[in-house]
Trainee: 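Dropping a structure here in structure tokens format, bear with me for questions.
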Amino acid sequence: MSFDGIFTHAMVDELRMGLKNGRVSKVQQPYKNEIILVMRANGKNHKLLLSAHPSYARIQLTEIPYENPSSPPNFCMVMRKHLEGAVLEDIQQVGNDRMIHFTFKSRDELGDIQNVMLIVELMGRHSNLFLVEQDTNRIIDTIKHVPVSQNTFRTMMPGSTYVNPPYQEKLNPFEVGPIKAMYTSENQEDFSLQQRIQTQYQGIGSETAKELAYRCEDQLNNLKPTLESFVNVIRQRKLEPTLTTFNKKLFFTPVPYLSLDGETEIYPTLSILLDQYYQVKAEKDRVQQQASDLIHIVQVELQRNVKKMKKLEKTMRETELADDYRLRGEILTAYLHELYKGQKEVTLPNFYDDDQPLKINLNPRSTPSQNAQKYFSKYQKLKNAIIFVTEQIRLTKEEIDYLDSVSTQLELATPKDVAEIKEELVQQGYLRKKYKKNQKKQKKQKASSPDKYISSDGDTILVGKNNLQNDLLTMKTAKKSDIWLHTKNIPGSHVIIQNNNPSEQTISEAANIAAYFSKSQLSASVPVDVVEVKKIKKPNGAKPGFVIYEGQQTVFVTPDKDLVKKLKE
């Protein structure tokens with residue numbers, strides 16, 4: 001579901017009800033294309049998210065805890081200068097388009113009243129946020145600078161005059177009026193009713209047009225009453241914010257859409273609905289963007305080590321011939337007096353197998369003694385190879401297990417985890433640290449705090465989200481009497497219960513968290529090892545996150561996303 005004009009209309013009403021006359025207390029810019037205004041309104045603090053993300057452009061109130069950069073971007077600084085302390089006077093949608101004007105009143109450095117507008121344009125990859133002087137329409141700043149060379153219709157740069165996007169001659173569905181003759185236009189004669197609705201009405205996205213056509217039973221004569229009934233529900237705020245799973249895809253709508261025949265969930269507000277829809281989707285997208293290079297590097301290294309392991313296993317199978325070479329050398333040595341130079345092969349009794357005849361190939365250019373020595377040499381070479389290959393297999397397996405764990409962590413990571421995983425890969429030599437000119441070498445980054453959960457019994461459960469956190473949590477933070485959990489032979493997080501005698505309920509909940517933050521997140525009946533921290537050891541020189549243990553018990557759980565979320569809250 002796109003954030004179309006109908007959804008925008010409903011969201012503007014929701015924001016106006018909750019935020020009008022509210023005061024801006026903070027301005028934050030957690031990501032390149034997104035701003036959060038922390039506002040005090042109706043006796044509560046609200047976080048207003050304004051996003052110009054090319055895929056997830058939207059406006060909403062949010063409860064998602066976004067991480068802020070250590071130094072704010074320039075646009076954020078400009079916004080703080082003009083909006084901190086400002087009062088929100090009104091929110092207006094332009095027609096039924098995805099353009100929203102937030103009007104603020106504030107005072108400048110001299111104490112004079114100034115009126116500024118924050119204009120949000122939700123237009124896919126062309127989405128943008130503008131801070132504009134209301135009286136002069138001068139752009140103070142914009143989150144995306146677009147010079148005239150890239151857009152000849154209007155300049156979107158500080159100091160230029162704000163110009164509305166090109167106007168489209170379409171009807172506002174909230175001012176229905178008479179239905180035009182949709183079937184008379186020659187260039188539309190092959191269009192479906194859904195396409196004609198989108199062509200004639202402003203701000204109606206494909207899913208909403210499909211819904212209206214469905215409710216009309218694809219009959220033009222039914223369109224006017226159907227459209228009037230539909231927009232009246234939106235206008236009168238008789239909303240049922242709905243998340244629908246249909247054809248393995250998620251759709252968010254202001255009311256249940258009959259054309260989406262799937263499993264539905266109803267939420268109390270549009271903003272809560274969007275938090276539910278975007279939290280996982282947008283977070284994964286950001287991780288993919290921020291960690292794409294890391295994911296590629298880890299996958300390349302992982303594939304290289306898997307190929308190496310196959311070669312080592314092939315070599316190990318070949319070493320099984322070592323004893324056969326030794327046996328042939330000993331038999332040749334025992335019968336040297338019967339052999340002569342120039343023979344290509346010989347059949348001799350195998351005194352290790354009841355004198356059964358054994359055919360042995362020979363080099364005719366070598367003496368019998370030299371042929372025997374060559375078999376002993378091959379035996380010795382393979383025997384030495386067994387020691388080397390065994391060690392290489394062990395090291396390669398450790399490398400594969402480690403890279404597999406990092407790959408899993410990147411799949412489960414939030415944007416704040418990516419920086420630590422990158423630092424870990426630098427420390428392990430998979431990445432080279434980049435330094436800018438005149439930049440001093442920085443100290444190794446310390447691991448951030450692990451995630452915290454509270455069990456139903458009130459016990460604290462700590463979860464490491466990357467190997468730096470895992471090592472710190474298990475080897476430094478946890479007490480020896482605490483309980484440690486990890487998926488059995490499956491890459492995942494280290495989990496600590498801060499209690500030396502937790503209940504079965506707490507162990508089950510902690511095991512569920514361990515299974516959820518593992519490679520088997522989507523599996524059923526996941527084995528999770530449970531053991532006291534004092535029985536955990538980290539071998540010298542082991543990779544980050546790698547430990548050994550004994551004396552564990554194993555429980556089986558099926559990861560439950562709702563349970564994990566509940567324990568987090």
Trainee: So does Lys144 have more than 12 non-hydrogen atoms from other groups sitting under 6.0 Å from NZ?
Mentor: yes

Trainee: Test your reading of the model: is there a side-chain donor-acceptor pair from Arg80 to the backbone of Leu83, 3.5 Å cut-off?
Mentor: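 Such a contact is absent between Arg80 side chain and Leu83 backbone.
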
Trainee: With a 4.0 Å cut-off, would you call Lys565 and Asp562 a salt bridge?
Mentor: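 Here Lys565 does not pair with Asp562 in a salt bridge, since their nearest N and O are not under 4.0 Å apart.
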
Trainee: Less than 4.5 Å apart, side chain to side chain, heavy atoms only: is that true for Pro450 and Val463?
Mentor: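 A side-chain contact is absent here, since even the closest heavy-atom pair is not under 4.5 Å.
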
Trainee: Can Tyr257 and Phe246 be said to form a ring-ring contact (aromatic ring centres under 6.0 Å, His included), step by step?
Mentor: CA-CA 11 Å; Tyr257 275 18; Phe246 178 65; over 10 Å; no

Trainee: Would you mind reporting whether Val24 and Leu88 have side-chain heavy atoms less than 4.5 Å apart?
Mentor: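 They are not in contact (no side-chain heavy atoms under 4.5 Å apart), so the answer is no.
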
Trainee: Ignoring hydrogens and geometry beyond distance, is a side-chain donor-acceptor pair present between Asp90 and Thr103 at under 3.5 Å?
Mentor: no

Trainee: Name the orientation class of the two ring planes belonging to Tyr277 and Phe252 (parallel below 30°, tilted from 30 to 60°, perpendicular beyond 60°).
Mentor: perpendicular

Trainee: Tell me yes or no: between the side chains of Glu34 and Ser51, is some donor less than 3.5 Å from an acceptor?
Mentor: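 Yes, side-chain donor-acceptor contact under 3.5 Å.
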
Trainee: Is it true that Thr136 and Glu133 share a donor-acceptor pair across their side chains at a distance under 3.5 Å?
Mentor: yes

Trainee: Ignoring hydrogens, what is the shortest heavy-atom contact between Gly22 and Ala41? Give both atom names and the distance.
Mentor: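 In terms of heavy atoms, the two residues are closest at CA-CB, 3.7 Å.
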
Trainee: Would the distance check show the side chain of Arg235 and the main-chain N or O of Phe174 forming a donor-acceptor pair, the cut-off being under 3.5 Å?
Mentor: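 Answer holds: yes.
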
Trainee: Does any non-hydrogen side-chain atom of Leu48 lie less than 4.5 Å from one of Thr62?
Mentor: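 SC-SC contact between Thr62 and Leu48 ruled out.
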
Trainee: Would a 4.5 Å heavy-atom cut-off, applied to side chains only, mark Gln194 and Ser206 as touching?
Mentor: yes

Trainee: Ignoring hydrogens and geometry beyond distance, is a side-chain donor-acceptor pair present between Glu211 and Ser259 at under 3.5 Å?
Mentor: yes

Trainee: Can any side-chain N or O of Asn512 pair as donor or acceptor with the backbone N or O of Asp560 at less than 3.5 Å?
Mentor: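 Yes.
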
Trainee: If the test is side chain to side chain contact (heavy atoms under 4.5 Å, CB included), which one of Leu462, Leu563, Val564 qualifies with Ile513?
Mentor: Val564

Trainee: If every non-hydrogen atom of Lys47 is compared with every non-hydrogen atom of Ile36, which pair is closest and at what distance?
Mentor: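 For Lys47 and Ile36, the tightest heavy-atom pair comes out as CB-CG2, 4.0 Å.
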
Trainee: List the atom of His82, the atom of Ser106, and the distance in Å for their closest heavy-atom pair.
Mentor: O-OG, 3.4 Å

Trainee: Residues in ring pair (Phe, Tyr, Trp, His ring centres under 6.0 Å) with His53, at least two apart?
Mentor: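 Here the qualifying residues are Tyr56.
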
Trainee: Do side-chain atoms of Thr269 reach the backbone of Ile272 as a donor and acceptor pair under 3.5 angstrom?
Mentor: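 Checking the backbone N and O of Ile272 against the side chain of Thr269, a donor-acceptor pair under 3.5 Å is found.
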
Trainee: Distance-only, no hydrogens or angles: does the Thr408 side chain make a donor-acceptor pair with backbone N or O of Lys519 under 3.5 Å?
Mentor: no

Trainee: Okay, side chain of Thr244, backbone of Gly262: is any donor-acceptor separation there less than 3.5 Å?
Mentor: no

Trainee: Is it true that Asp4 and Arg98 have a side-chain N and a carboxylate O under 4.0 angstrom from each other?
Mentor: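 No, this pair does not count.
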
Trainee: For the backbone of Cys216 and the side chain of Asn222, can you confirm whether one donor and one acceptor N or O come within less than 3.5 Å of each other?
Mentor: yes

Trainee: Taking the side chain as every heavy atom from C-beta outward, state whether Thr208 and Phe230 have any atom pair closer than 4.5 Å.
Mentor: yes

Trainee: Are Val255 and Lys238 side-chain neighbours, meaning at least one heavy-atom pair lies under 4.5 Å?
Mentor: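 With C-beta onward as the side chain, the pair stays apart.
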
Trainee: Could you tell me whether the side chains of Ser407 and Gln299 share a donor-acceptor contact shorter than 3.5 Å?
Mentor: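 Yes, Gln299 and Ser407 have a side-chain donor paired with an acceptor closer than 3.5 Å.
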
Trainee: Taking C-beta and beyond as the side chain, do Glu207 and Phe251 meet within less than 4.5 Å on heavy atoms?
Mentor: yes

Trainee: What are the two closest non-hydrogen atoms of Glu424 and Pro544, and how far apart are they?
Mentor: OE2-CB, 4.0 Å

Trainee: Tell me, yes or no, whether the heavy-atom count around Met157 atom CE, taken from other residues, nucleotides or ligands under 6.0 Å, exceeds 12.
Mentor: yes

Trainee: For Tyr66 and Pro30, which heavy atoms make the closest approach, and how far apart are they?
Mentor: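 Scanning both residues completely, I find the closest heavy atoms to be CB-CB, 3.8 Å.
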
Trainee: Run the side-chain hydrogen bond (donor to acceptor under 3.5 Å, both in side chains) test on Asn466 and Gln409 for me, step by step, so that the C-alpha distance in whole Å, both residues' side-chain angles and the decisive distance to 0.1 Å come before the verdict.
Mentor: CA-CA 6 Å; Asn466 56 67; Gln409 289 161 7; over 6 Å; no

Trainee: Using only heavy-atom distances, determine whether the side chains of Asn128 and Glu121 contain a donor-acceptor pair under 3.5 Å.
Mentor: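 No, because no side-chain N or O of Asn128 sits under 3.5 Å from a partner of the opposite role on Glu121.
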
Trainee: Is there a donor-acceptor contact under 3.5 Å linking the side chains of Thr161 and Asn137?
Mentor: no

Trainee: Under 3.5 Å, is there a donor on one side chain and an acceptor on the other for Glu14 and Ser271?
Mentor: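 Judged by distance alone, the side chains do pair up.
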
Trainee: With distance as the sole test, does Arg40 use its side chain to make a donor-acceptor pair with the main-chain N or O of Arg23 at under 3.5 Å?
Mentor: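 No, Arg40 side chain to Arg23 backbone: no donor-acceptor pair under 3.5 Å.
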
Trainee: Is it the case that Asn42 and His46 place a side-chain donor and acceptor less than 3.5 Å from each other?
Mentor: no

Trainee: More than 12 non-hydrogen atoms from neighbouring residues, nucleotides or ligands closer than 6.0 Å to NZ on Lys81, yes or no?
Mentor: no

Trainee: Answer yes if the side chains of Tyr31 and Gln29 hold a donor-acceptor pair under 3.5 Å, and no otherwise.
Mentor: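 Their side chains do not contain a donor-acceptor pair, so the 3.5 Å distance test is not met.
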
